[in-house]
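Heads up, the thing below is written out as structure tokens.
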There are 2 protein chains.
Amino acid sequence: MPTHQEQEQPRRRQARGERRIAQLLEAAASVFASTGYASASTNAIAREAGVSPGTLYQFFPNKEAIAIELGQRLMADMRTAYGEALAPIDPATPLEQAVAAAVDRFIDFNCHNPVFFTLMHGPDVPGRMAEEHDALHNTLITRVENLLSPLLPDRPAAAVTRIAHVCMALYMAGLELVLASEGDDREAYVQELKDVLFRYLDPLVGDRLRDAQAVSASTAVASNATSNATSTATP
Amino acid sequence: MPTHQEQEQPRRRQARGERRIAQLLEAAASVFASTGYASASTNAIAREAGVSPGTLYQFFPNKEAIAIELGQRLMADMRTAYGEALAPIDPATPLEQAVAAAVDRFIDFNCHNPVFFTLMHGPDVPGRMAEEHDALHNTLITRVENLLSPLLPDRPAAAVTRIAHVCMALYMAGLELVLASEGDDREAYVQELKDVLFRYLDPLVGDRLRDAQAVSASTAVASNATSNATSTATP
DNA sequence: TCAGAATGCGAGCGACGACTCGTGTTTGTC
DNA sequence: GACAAACACGAGTCGTCGCTCGCATTCTGA
């Protein structure tokens with residue numbers, strides 16, 4: 001009597017199949033990003049990928065599984081892309097630079113993967129998709145908490161959590177503006193987002209890091225940042 | 001030859017009909033708020049209102065028209081509720097209080113009309129609904145611009161517009177957090193939102209208002225209603 | 001070489017939702 | 001009371017969408 005495995009055994013995929021899966025996920029990313037999850041039809045995804053509806057269901061049991069798999073791959077990409085960006089909290093670097101660096105990385109990732117924002121922000125996520133959504137959100141919240149807690153040693157945990165939620169919400173709001181604009185406007189919005197986060201957090205951090213920030217404190221108010229646009233990669 | 005009116009003439013409504021319309025709009029508000037616009041079915045709205053699907057279509061040509069009418073009534077409500085809250089920019093009151101008052105009013109309205117946020121924020125708005133959506137958004141943006149422009153006389157118009165967009169985005173983000181929480185948490189988030197907006201705007205307003213407040217600014221500005229800020233404001 | 005698995009197709013099924021239509025009831029007006 | 005218009009009903013139509021099924025084609029391993 002063989003082992004009766006009720007779960008689906010992972011059917012052996014050929015190289016062709018893996019290619020199709022990548023193709024389908026890319027198509028799904030495109031369709032999701034342009035029309036949202038709920039409005040995206042599986043037929044449209046299959047058409048975008050250049051295959052038949054039946055072929056799509058050879059690799060995914062249902063529409064939700066496509067979004068789940070896509071979300072997981074995006075999370076993996078994000079971890080490898082800048083997983084270490086949030087982890088180390090260097091108390092030596094001034095807050096303004098830390099915020100700017102974090103924002104730059106996040107924005108960069110989301111500009112290259114616009115689906116991510118759609119899946120994170122879309123309210124039209126049924127069933128198990130919502131769990132994935134929440135899990136992802138909570139992961140990010142926890143990260144921000146870990147980043148903030150050394151800077152806010154005096155606050156109760158609930159306050160730190162709340163501040164983390166506010167930071168996430170502010171970031172998502174700014175990201176929406178950034179993704180909706182282009183060119184110089186986009187860079188300007190990025191700068192505004194940095195300003196918002198920095199000015200929000202700076203008074204909370206208090207006098208702890210005040211001395212380290214003394215270098216660039218005076219330039220914060222009067223700077224007009226519309227001219228220099230060469231945002232080269234900072235080493 | 002009689003006047004061939006291709007457009008639908010407004011059929012004479014009885015009192016019963018007006019009551020039904022209000023009933024249906026209330027039901028639609030409930031269903032939209034709980035499930036979103038796209039996921040809401042007209043049958044569910046009719047059921048919520050306690051009427052048949054056919055009755056619903058006696059008063060609205062289609063699903064979109066329900067949302068349109070609902071949005072227009074909400075806008076009217078908002079205008080009467082605190083239409084004057086944004087209009088007068090009293091330069092004597094400190095920025096912090098002005099921001100707090102505006103936030104309190106907006107939050108209050110949205111807590112009593114949760115549909116408003118759904119219709120404003122939902123990405124699932126097809127066809128003509130999007131126009132209405134944009135129109136409403138632009139109206140609010142313009143209001144914020146008019147509020148800000150006297151405070152930012154030195155900035156170019158594009159910068160003021162951008163700042164207004166940022167303020168709106170920040171407000172919407174904060175509102176989402178507020179609506180998702182309850183009790184003390186909700187009040188705490190309201191306070192955070194006020195802090196965010198104030199800290200963002202305060203450095204922008206800069207030393208201009210600081211002087212004006214010390215001098216107890218001349219009330220000459222308060223009388224003009226829609227003066228399109230002639231950028232050469234003589235200090 | 002060849003059995004069997006993986007891949008691919010696309011017409012079609014079942015469910016659901018926006019909307020209609022024929023019919024009956026209530027209301028305003030003469 | 002009579003007539004028309006407004007109101008109300010709910011079973012039914014039509015289109016869409018997620019998903020299936022039978023069958024053809026390609027690949028793998030022995």
Side-chain angles (χ1 to χ4, degrees), chain A residues 2 5 8-28 30-32 34-70 122 124-130, chain B residues 5 8-28 30-32 34-70 122 124-129:
Chain A
Q5 40 192 8
E8 84 288 352
Q9 71 279 17
R11 60 191 294 178
R12 275 201 31 205
R13 309 242 86 115
Q14 301 179 352
R16 190 172 27 144
E18 297 291 350
R19 246 180 290 131
R20 275 274 177 267
I21 290 179
Q23 207 175 122
L24 284 164
L25 286 177
E26 192 177 352
S30 167
V31 177
F32 285 159
S34 64
T35 71
Y37 172 77
S39 303
S41 79
T42 56
N43 290 15
I45 294 173
R47 203 181 318 119
E48 174 84 13
V51 302
S52 85
T55 299
L56 186 151
Y57 284 92
Q58 195 87 24
F59 302 101
F60 299 99
N62 50 48
K63 178 180 171 181
E64 196 175 16
I66 304 173
I68 302 269
E69 177 68 24
L70 189 57
D124 50 357
V125 278
R128 212 175 90 66
M129 189 70 203
Chain B
Q5 41 192 7
E8 83 288 354
Q9 71 279 17
R11 61 190 295 177
R12 276 201 30 200
R13 307 244 88 115
Q14 302 179 351
R16 188 172 31 144
E18 298 290 350
R19 247 180 290 131
R20 276 273 177 270
I21 289 179
Q23 209 175 122
L24 284 164
L25 286 177
E26 192 177 351
S30 167
V31 177
F32 285 160
S34 63
T35 72
Y37 172 76
S39 303
S41 80
T42 56
N43 290 15
I45 294 173
R47 203 181 318 121
E48 175 85 12
V51 302
S52 84
T55 299
L56 186 149
Y57 284 92
Q58 196 88 27
F59 302 100
F60 299 98
N62 50 47
K63 178 179 171 181
E64 196 174 17
I66 304 174
I68 302 268
E69 179 66 25
L70 188 56
D124 50 357
V125 277
R128 212 175 90 67
M129 189 70 202

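Hydrogens, waters and symmetry mates play no part in the numbers below; they use all other heavy atoms, side chains included. Just so you know, these numbers come straight off a predicted model, no measurement behind them.
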*Establish, with yes or no, whether the OP1 or OP2 oxygen of C:dT7 is under 4.0 angstrom from a side-chain nitrogen or oxygen of A:Arg13.*
yes
*Contact class for B:Gly54 vs. all strands (heavy atom < 4.0 Å): base, sugar-phosphate, or nothing?*
base
_Nucleotide of C:dC19, D:dC7, D:dC27 approaching B:Asn43 most closely (side-chain heavy atoms)_ = C:dC19
_Candidate nucleotides C:dC19, D:dC9, D:dT28, ranked by approach to the side chain of B:Val51 - the nearest_ = D:dC9
*Please report, rounded to the nearest Å, how far the C1' atom of C:dG8 is from the CD1 atom of A:Ile21.*
14 Å
*DNA chain C: B:Ala40 or B:Gln14, which has the more 5' nearest nucleotide?*
B:Ala40
*Which nucleotide sits closest to the side chain of A:Arg20: C:dG8, D:dC19, D:dG10?*
C:dG8
*Going by heavy atoms in the side chains, are A:Leu25 and A:Phe60 under 4.5 Å from each other?*
yes
*What integer distance in Å separates B:Tyr37:OH from C:dA18:C1'?*
10 Å
*Mind calculating the distance between CD (A:Gln58) and P (D:dG22) to the nearest angstrom?*
14 Å
*In whole angstroms, how far is the C1' atom of D:dT20 from the NZ atom of A:Lys63?*
17 Å
*Just how far, in rounded Å, is C1' of D:dC7 from CG of B:Leu56?*
13 Å
*Taking only N and O in the side chain of A:Ser41, is any of them less than 4.0 Å away from OP1 or OP2 of D:dC17?*
no
*A:Glu64 CD to D:dG18 P, straight-line distance once rounded to whole Å*: 13 Å
_Which residue lies more 5' along DNA chain C, comparing B:Tyr57 with A:Phe59 via nearest heavy atoms_ = A:Phe59
